[in-house]
Visitor: 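Quick one: the structure is below, and I'll ask about it shortly.
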Amino acid sequence: MTKKETKAIQGAQMHGSSPKAVTPPLYLSSTFIRNDDGSYDEDYIYTREDNPNRRTLEKCMADLEGGDVAFAFSSGMAATQSVLQSLQSGDHVIIPDDAYYAVNELLSRVFKRWGLTYTRVNMTDLKELAEAINPQTKLIWIETPSNPQLKITDIQAVCSLAKTRNILTCVDNTWPSPLLQNPIELGADIVVHSSTKYLGGHSDVLGGVVVIKDSSDLIEKIKDIQHLGGGVPSPFDCWLVSRGIQTLSVRLKQQSKSAQLLAEWLEKHPKIEQVLYPGLETHHGHSIASKQMKGGFGGMLSIRINENVERILEISNRLEYFTTATSLGGVESLVEHRYSTEGPNSQSPENLLRLSVGLENVEDLIKDWERALM
Ligand SMILES: *Cc1c(COP(=O)(O)O)cnc(C)c1O
């Protein structure tokens, strides 16, 4: 079988168009010419419904995640929203207590008014999860490693529990990306990505993707939400994400390696209270992460520092190679104090900094922390 690294290169290409370009051409056209007999070439009618650059990206993502179909959206949250919109009023959703914070906000500020109820649980505890299930539960949302605490959820265990109760499972696979983790192989029905992060990889595009396996009913619903709701990415956005995917494997392998080395170094530093990185043997989810993540533990880690918030912000400002900004998954290293970004509903500890490890030389990155922690 073709390996993922190869699929990522081939899938992003668009050979066969004329003239025969190696790099995919950009189809900015919002509309396509109708043939005399009323048909459309390759069923391209109007760009909200389909576009060659979007179709290329969607096929590539379905292939990389092992799903049947993928739908691209204008952001990770637009993709997330489409999954919630496929449910109906009265349905109940279970999310992890530290799910990406906007998921909780979306449920409480938007979908509550539409009659969706939800419960937040510590998803690393299967008993707590099982107890939260009620007859209206239609969806279990998984995020692993979670943001920003890098909690590890056993995807296989949660999906098999959900199957016995006829509940759909959706995994936000943004952090590991399809290179390191394939939730569909572990039993998930839906995979969601913010392609703004590792897929795009250069902090210059917003995007989201939903990948679905084995549910024609759900596929029709998400397709309607994408085509009729219209939260779609532009052709250029799709082009950028496809280009990012071609280098995903080399980026993420290096970022995983550097994150591992930095995590090991930080763990030994006296000012560091705790390093949250699933690649460390001291991490509570190390053995589950080793089972379900392949080829690395990703480029994200969080640290808790034995200092007050003021000093912690000072430390992060002193870093030279880690830029203080939100977001993650780009070629550049970023550092963020999640608690102050997320605001009063934040589940993030106040003394936590989240790091997105970039492609700078790891010795420089370690030196940067050595200086900042002095
Ligand atoms: C960034 C992110 C999102 C949201 O994606 P956007 O593209 O910003 O809308 C969702 N989940 C995770 C894990 C993320 O990191």
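The structure presented is a predicted model; accordingly, all values stated were derived computationally and were not measured. Order of appearance sets the numbers: ligands from 1, and atoms from 1 within every ligand.
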Visitor: Taking the side chain as every heavy atom from C-beta outward, state whether Ile312 and Val309 have any atom pair closer than 4.5 Å.
Guide: no
Visitor: State if Ser195 counts as touching ligand 1 under the rule of any non-hydrogen atom under 4.0 Å.
Guide: no
Visitor: Is it true that a side-chain atom of Gln181 and a backbone atom of Thr144 form a donor plus acceptor pair closer than 3.5 Å?
Guide: yes
Visitor: How far is atom 13 (C) of ligand 1 from its nearest protein heavy atom, and which residue and atom name does that atom have?
Guide: Asp172 OD2, 3.4 Å
Visitor: When you measure from the heavy atoms of Val103 to every atom of ligand 1, does any distance fall below 4.0 Å?
Guide: no
Visitor: Hydrogens and angles aside, do Asp217 and Ser215 bring a side-chain donor and acceptor to less than 3.5 Å of each other?
Guide: no
Visitor: In terms of atom number and element, which parts of ligand 1 are under 4.0 angstrom from non-hydrogen atoms of Trp175?
Guide: 13 (C), 15 (O)
Visitor: Could you tell me the residue and atom name of the protein heavy atom closest to atom 7 (O) of ligand 1, and the distance to it rounded to 0.1 Å?
Guide: Thr196 OG1, 2.6 Å
Visitor: Are any of the side-chain nitrogens in Glu131 or Lys127 under 4.0 Å away from the carboxylate oxygens of its partner?
Guide: yes
Visitor: Are there more than 12 heavy atoms of other residues, nucleotides or ligands under 6.0 Å from atom CG of Asp37?
Guide: yes
Visitor: Under a 4.0 angstrom heavy-atom cut-off, which atoms of ligand 1 come close to Gly76?
Guide: 5 (O), 6 (P), 7 (O), 9 (O)
Visitor: For ligand 1, indicate whether the residue Leu328 contacts it via side chain, backbone, both or neither (heavy-atom separation under 4.0 Å).
Guide: side chain
Visitor: Does Leu206 reach ligand 1 with a nitrogen or oxygen that is under 3.5 Å from one of the ligand's nitrogen or oxygen atoms?
Guide: no
Visitor: Tyr44 ring centre to Arg55 NZ or CZ under 6.0 Å, with the angle to the axis within 45°?
Guide: yes
Visitor: For atom 5 (O) of ligand 1, what's the nearest protein heavy-atom neighbour? Residue, atom name and distance, please.
Guide: Ser194 OG, 3.0 Å
Visitor: Under a 3.5 Å threshold, yes or no: a donor from one side chain and an acceptor from the other, between Ser348 and Glu342?
Guide: no
Visitor: Considering only heavy atoms, which of Met77, Glu143, Lys197 lies nearest to atom 14 (C) of ligand 1?
Guide: Lys197
Visitor: To which protein heavy atom is atom 4 (C) of ligand 1 closest, and what is the distance rounded to 0.1 Å?
Guide: Tyr100 CE2, 3.4 Å
Visitor: Inspect the contact between Lys59 and Asp63 and indicate whether a charged nitrogen and a carboxylate oxygen are less than 4.0 angstrom apart.
Guide: no
Visitor: For ligand 1, which atoms have a heavy atom of Gly207 less than 4.0 angstrom away?
Guide: 7 (O)
